[in-house]
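Residue numbers begin at 1 in each chain, while the letters A, B, ... track the order of the sequences. The analysis underlying the following values was restricted to heavy atoms, covering all of them including side chains, and did not include hydrogens, waters or symmetry mates.
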There are 2 protein chains.
Amino acid sequence: MTSDARPAPVKDSAPVGFQEHDHQTCVETALASVEARCSTEGLRLTPVRRKVLEMLLQEHRALGAYAILDRLRAEGFGSQPPVAYRALDFLVQNGFVHKIERLNAFVACSHPGQSHSPAFMICRKCDAVAEAQSAPAKGVLGAAARAAGFEIERTVVEAEGLCPDCTEKA
Amino acid sequence: MTSDARPAPVKDSAPVGFQEHDHQTCVETALASVEARCSTEGLRLTPVRRKVLEMLLQEHRALGAYAILDRLRAEGFGSQPPVAYRALDFLVQNGFVHKIERLNAFVACSHPGQSHSPAFMICRKCDAVAEAQSAPAKGVLGAAARAAGFEIERTVVEAEGLCPDCTEKA
DNA sequence: CAATACATGATATGAAATAACATGACAAGT
DNA sequence: ACTTGTCATGTTATTTCATATCATGTATTG
């Protein structure tokens with residue numbers, strides 16, 4: 001058995017922000033932007049890392065580490081968990097990929113290059129994931145944190161619900 | 001080995017919102033409130049479920065399912081994963097306990113009875129967890145969701161950082 | 001070219017979660 | 001009382017996610 005999360009409605013052009021778009025261009029642009037940042041910052045976008053990033057950009061939805069691993073194996077890369085996790089660590093550390101805690105899975109960043117604290121909308125039916133901006137530290141939470149003396153370093157914001165497509169079908 | 005998450009600074013009186021408080025009273029009140037809700041709503045707070053809830057209230061921090069399981073075993077309950085997961089499911093479903101996605105762990109709700117969409121502050125050093133309110137659907141994220149046609153059903157908001165205690169020590 | 005950082009490969013294991021099936025406890029309907 | 005249905009629990013096995021560790025390789029860079 002291959003470890004793809006769910007049957008998953010495979011469409012040629014997947015949603016970003018749940019919208020149809022020119023996917024090929026979108027992948028290429030993102031990749032180029034990551035390459036640029038790597039070379040200016042002296043980061044090493046090695047073959048495994050690049051491959052993982054490409055896969056995630058291509059899919060445009062959250063993939064589990066083992067789904068990624070399967071694909072790496074298929075392409076002749078190492079096929080043991082650490083291979084995938086190390087590549088993912090690198091990509092996450094540098095903001096090229098985000099981890100979706102709710103799903104224990106990973107998505108390529110939709111706005112690479114921009115510093116951001118991302119928020120995600122996750123469709124519980126088709127697993128599509130869209131990235132948005134958030135500013136949680138600015139709102140009620142920020143106030144609570146200041147009141148409590150808690151220093152926020154990082155936030156996870158994930159909304160679960162139904163994407164437009166799935167809403168329609170229901 | 002027993003599966004307690006980390007060495008964990010055991011203190012007699014643990015933080016709620018990172019503050020000292022009369023823990024015994026706090027546990028009792030919470031438990032009473034849950035019992036009340038169960039009886040008015042016809043929910044069955046069985047021995048396992050009650051025990052798990054007590055443990056979480058007592059600890060006042062996030063415990064993993066297997067740490068819970070260890071304690072259940074010690075008390076003579078079933079010791080297989082489903083036992084813990086089922087009790088946790090019940091408690092989470094009914095809002096008596098929350099899952100911290102970031103930690104794959106569980107905490108007792110600090111405001112049982114009030115309907116709420118909780119937000120958490122998690123200390124990355126000592127694993128203390130404080131619960132606050134959030135209204136993520138009201139802010140930037142809500143706007144993005146409406147724009148995208150995404151229907152939010154539930155949100156996860158978790159802030160990671162340093163609690164007052166750990167900040168001091170640093 | 002040697003020293004050193006960093007990246008990968010491979011083995012093993014730990015930790016989190018669920019599937020599937022059997023048993024028990026209890027209330028409602030006949 | 002007995003059967004049926006529902007819900008909770010127990011148990012086995014397996015899947016999925018993640019990391020520790022050690023050995024090996026490959027770039028820089030001094």
Side-chain angles (χ1 to χ4, degrees), chain A residues 1-8 38-39 41-53 56 62-94 96-107 127, chain B residues 1-8 38-39 41-53 56 62-94 96-107 127:
Chain A
M1 195 186 105
T2 171
S3 35
D4 260 6
R6 303 192 195 176
C38 282
S39 73
E41 296 182 28
L43 301 170
R44 299 169 56 180
L45 190 63
T46 62
V48 210
R49 294 170 177 176
R50 193 194 164 97
K51 190 79 222 170
V52 171
L53 177 60
L56 289 173
L63 286 183
Y66 282 65
I68 289 170
L69 203 50
D70 283 347
R71 288 166 169 73
L72 285 179
R73 174 183 301 114
E75 308 256 351
F77 290 91
S79 59
Q80 298 308 311
V83 174
Y85 281 104
R86 283 193 287 234
L88 287 167
D89 275 356
F90 169 86
L91 294 168
V92 168
Q93 290 262 318
N94 295 289
F96 303 141
V97 161
H98 301 296
K99 176 168 188 184
I100 307 295
E101 299 289 345
R102 191 68 210 297
L103 303 177
N104 293 324
F106 303 82
V107 272
D127 267 8
Chain B
M1 196 188 106
T2 172
S3 36
D4 261 4
R6 304 195 194 175
C38 282
S39 72
E41 297 182 29
L43 301 171
R44 302 171 55 181
L45 190 62
T46 62
V48 211
R49 293 169 177 178
R50 193 194 163 93
K51 191 77 223 171
V52 172
L53 177 59
L56 289 173
L63 286 183
Y66 282 66
I68 290 171
L69 203 50
D70 283 346
R71 287 165 170 73
L72 286 179
R73 174 183 302 116
E75 308 256 351
F77 291 91
S79 60
Q80 299 307 314
V83 174
Y85 281 104
R86 284 194 285 234
L88 287 167
D89 275 355
F90 170 86
L91 294 167
V92 168
Q93 290 261 320
N94 295 290
F96 304 141
V97 161
H98 302 296
K99 176 167 188 186
I100 307 295
E101 299 289 343
R102 191 67 210 297
L103 302 177
N104 293 325
F106 302 84
V107 271
D127 268 5

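Following rounding to the nearest Å, A:Gln80 (CD) and D:dC22 (P) show an atom-to-atom distance of 18 Å. Distance A:Arg102 CZ to C:dA17 P: 11 Å, rounded to the nearest Å. The CZ atom of A:Arg86 sits 7 Å away from the C1' atom of C:dG9 (whole-angstrom rounding). Atom CG in B:Leu45 sits about 15 Å away from atom C1' in D:dT9, given to the nearest Å. Spacing between atom CZ of B:Arg73 and atom C1' of D:dG10 amounts to 14 Å, rounded to whole angstrom units. Taking atom CD of B:Glu101 as the reference point, atom P of D:dC17 lies 14 Å away to the nearest angstrom. When the P atom of D:dA18 is taken as reference, atom CD1 of A:Ile68 falls 10 Å away, rounded to whole Å. Distance A:Asp89 CG to D:dC17 P: 16 Å, rounded to the nearest Å.
Here A:Arg44 lies in heavy-atom contact (under 4.0 Å) with sugar-phosphate atoms only. At a threshold of 4.0 angstrom between heavy atoms, the contacts of A:Arg49 are confined to the sugar-phosphate backbone, with no base atom among them.
Applying the 4.0 Å criterion to OP1 and OP2 of D:dT9, one finds that B:Thr46 has a side-chain N or O inside that range. In this model, the phosphate group of C:dA17 is approached by a side-chain N or O of B:Lys99 to a distance below 4.0 Å at OP1 or OP2.
Comparing D:dA20, D:dA18, C:dT8 by their closest approach to the side chain of A:Pro82 singles out D:dA20.
For the side chain to side chain contact (heavy atoms under 4.5 Å, CB included) with A:Val97, the lone residue among A:Val107, A:Leu63, A:Leu91 that qualifies is A:Leu91.
Annotation for A:Ala84 and A:Ala65: closest pair CB-O, 3.9 Å, computed over non-hydrogen atoms.
Looking at heavy atoms from C-beta onward, A:Arg71 lies out of side-chain contact with A:Lys51 at the 4.5 angstrom threshold.
For A:Tyr85 against D:dA20, no side-chain N or O and base N or O form a donor-acceptor pair under 3.5 Å.
Between A:Pro81 and A:Asn104, the one whose closest nucleotide on DNA chain C sits nearer the 5' end is A:Pro81.
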Take B:Asp89 and B:Arg86 through the test salt bridge (charged side-chain N to carboxylate O under 4.0 Å, His left out) and record every step on the way to the result. CA-CA 5 Å; B:Asp89 275 355; B:Arg86 284 194 285 234; over 6 Å; no
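The aromatic rings of A:Phe96 and A:Phe90 are tilted relative to each other, their planes meeting at an angle between 30° and 60°.
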